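Here is how names work: the chains are called A, B, and so on, in the same order as the sequence lines, proteins then strands, and each is numbered from 1. Computation of the quantities below employed the complete heavy-atom set of this structure, encompassing side-chain atoms and omitting hydrogens, waters and symmetry-equivalent molecules. Bear in mind that the values here come from a model prediction, so they are computed numbers and not experimental data.
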Number of protein chains: 2
Amino acid sequence: MGWPRQQKRNTRQRILESAARLFSRHGFDNVSIGDVMRGAGLTHGSFYTHFRSKQALYAEAVATAARASALARLLEEGKQRDLQQLLAGYLDISHVRQEPSPCPLAFLATDVATREQEVRGAYTRVFRRLVAFLRHGLSSRPAADARERAMAVAALMIGGVAVSRALDDEATAEALLAACRRFGGELLGAAPE
Amino acid sequence: MGWPRQQKRNTRQRILESAARLFSRHGFDNVSIGDVMRGAGLTHGSFYTHFRSKQALYAEAVATAARASALARLLEEGKQRDLQQLLAGYLDISHVRQEPSPCPLAFLATDVATREQEVRGAYTRVFRRLVAFLRHGLSSRPAADARERAMAVAALMIGGVAVSRALDDEATAEALLAACRRFGGELLGAAPE
DNA sequence: GTCTATACCTCGATAGAC
DNA sequence: GTCTATCGAGGTATAGAC
C-alpha cells in the first residue's frame, strides 16, 4: 500500500508537465498558478502541497521542459545522429512557431535572467548539458577549441530561435534561421586549423 | 508661447527614458506604470495623457532603449570604427552585468516575443538596423553573403549576451562571451571563399 | 490530497479636483 | 497636465471542510 505516495508523485509530475508547457510558451508572469493546475486537471487550492512557491515550480519546470524538448528527444534518439541534423532541427521555423515542446533555453532566456538564483541555476545546468553534448560531437578537435566552438554554436542556436520568435516578419525570421544554420554548420564542421 | 507643447514633449521624453531603463533591466511585467512615472519624477495619474496603454509605452521604449544603448553610441561615434571593436564591446561582461543602457535586443528578446505586434514590430525594426549596420561593414563581400553573415553575427551577439545574463555562474558566462567574440570575429573577418 | 472560499495585495486604467 | 483617490480585475498564498 505504498500507492498513495506514488499517486502524489504522478500528480506532481503532471503539474510539472503542465507548467513546463505553459511557462515555455508564455513566460513566468503570463501564467498563473490556476492556469498550471487547470492544465493538470486540478484546481489551484492544492498547489502548495506540491510546491513551495511559484518560483520553485518555475525552476523545476525549466528542467522538465528541457527533458521534454524536441532537442532532448533528438539527443537520446541516437547519440550517433550528427550535429548538423540537430542544428537544422533546432533552427527550424516549426520549432519557433508551432513546436509544442520548445527549448526553454531559447524561449525563456531573458525571462529567466530576471529571476532569482534557484531559477537561473536550473537554466545554467540545462545550458551546460547542451554545451557538453555539442562538445562531445566535436571531440576530434583539441578540448579547449571544442568547448569554445560548442559554446558559440549554442549561443547561435539559442539567439537565432529567441530573436526569430520575437520578430513580426516571417521572411526575416526565416532568413535569420537560415543564416544561423549555415554558419552554425560551418563552426561545427570546418576543418581544424 | 509654444512652450506648453514643448514642455509636454519633454515630459513625454523623460517618461520614455525612464521606461527604457526600467523595462530593459526588469522586463515588461516586473515594472509598473507607477515605477516608470516615479522614475520620471511624476505620479502614475498623468500617465494616460501621454500614452494609450502600457503596451504602447513598451513599444516606444524598445526603440528608445535602442537609441540610448551603448551599441548605438558606438555606432554614431564613428562609422569607421571597425566591427571587431564593436563586437568586443557588445560581448563584454560589463554590458551583461553593469551597463546602464543595455541593448534591448539582447535584454528583451523572449520578453518581446510574448507581446502583441506593435511591440514586436518595434523590436523587428531595431533588429534590422543592427543587421544593416553589420552588413555595411561587410560590403567587400557579395551582398547575399554579407547579409547572411550579418544575421548570424547578430544572433551570436544577442544570444551570447542574453544567455550570459541568465547564467548564475560567472566563469561560464565569461567563457561564453569569449567564445562568441572569437567566432563572431571569424565570421566578420574570414576571407571570402 | 483536493476542493471551495477568501484574505490580502498589486496593478492597469479612470474620475475629478486643482 | 498633474495630482489624489478609487474602481475593478486578477494574482499569490492560506484556511478549513471533506
S.K.: Could you state the atom-to-atom distance from NE2 of A/H50 to C1' of C/dC3 in whole Å?
M.R.: 12 Å
S.K.: Could you list the residues that satisfy side chain to side chain donor-acceptor pair (under 3.5 Å) with B/E118, not counting sequence neighbours?
M.R.: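 Partners of B/E118 by the side chain to side chain donor-acceptor pair (under 3.5 Å) criterion, ordered by chain and then number, come out as B/R52.
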S.K.: Quick one, which residues of residues 11-20 of chain A touch DNA chain C with a heavy atom under 4.0 Å?
M.R.: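 Output list: A/T11.
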S.K.: Grab the CG-C1' distance between A/L42 and C/dT4 for me, whole Å please.
M.R.: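 These atoms are roughly 14 Å apart.
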S.K.: Could you tell me whether B/E17 and B/R21 make a salt bridge, using a distance below 4.0 angstrom between a side-chain N and a carboxylate O?
M.R.: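 No salt bridge links B/E17 with B/R21.
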S.K.: So does A/T43 get a side-chain nitrogen or oxygen closer than 4.0 Å to the phosphate oxygens (OP1/OP2) of C/dC3?
M.R.: yes
S.K.: Not counting sequence neighbours, which residues clear ring pair (Phe, Tyr, Trp, His ring centres under 6.0 Å) with A/F28? List them please.
M.R.: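 For A/F28, the residues satisfying ring pair (Phe, Tyr, Trp, His ring centres under 6.0 Å) (neighbours in sequence not counted) are A/F23, A/Y58.
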S.K.: Residues in side chain to side chain donor-acceptor pair (under 3.5 Å) with A/Q55, at least two apart?
M.R.: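 Partners of A/Q55 under the side chain to side chain donor-acceptor pair (under 3.5 Å) test: none.
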S.K.: Please list, chain by chain and in numerical order, all residues satisfying side chain to side chain donor-acceptor pair (under 3.5 Å) with A/S24, sequence neighbours excluded.
M.R.: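 Counting only residues at least two positions away or on another chain, A/S24 forms no side chain to side chain donor-acceptor pair (under 3.5 Å).
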S.K.: Rounded to the Å, how far apart are A/R115 CZ and D/dT12 C1'?
M.R.: 14 Å
S.K.: With sequence neighbours left out, what residues match A/A63 under side-chain contact (heavy atoms from CB on, under 4.5 Å)?
M.R.: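 Only A/R67 meet the side-chain contact (heavy atoms from CB on, under 4.5 Å) criterion with A/A63.
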S.K.: List for me each residue that meets side chain to side chain donor-acceptor pair (under 3.5 Å) alongside B/T124, sequence neighbours excluded, and say none if there are none.
M.R.: A/D168
S.K.: Which letters describe nucleotides 11-18 of chain C, given B = protein heavy atom under 4.0 Å from base, S = only from sugar-phosphate, - = neither?
M.R.: SSBB----
S.K.: By the side-chain hydrogen bond (donor to acceptor under 3.5 Å, both in side chains) test, which pairs, at least two apart or in different chains, include something from residues 83-106 of chain B?
M.R.: B/D92-B/S94, B/R97-B/E170
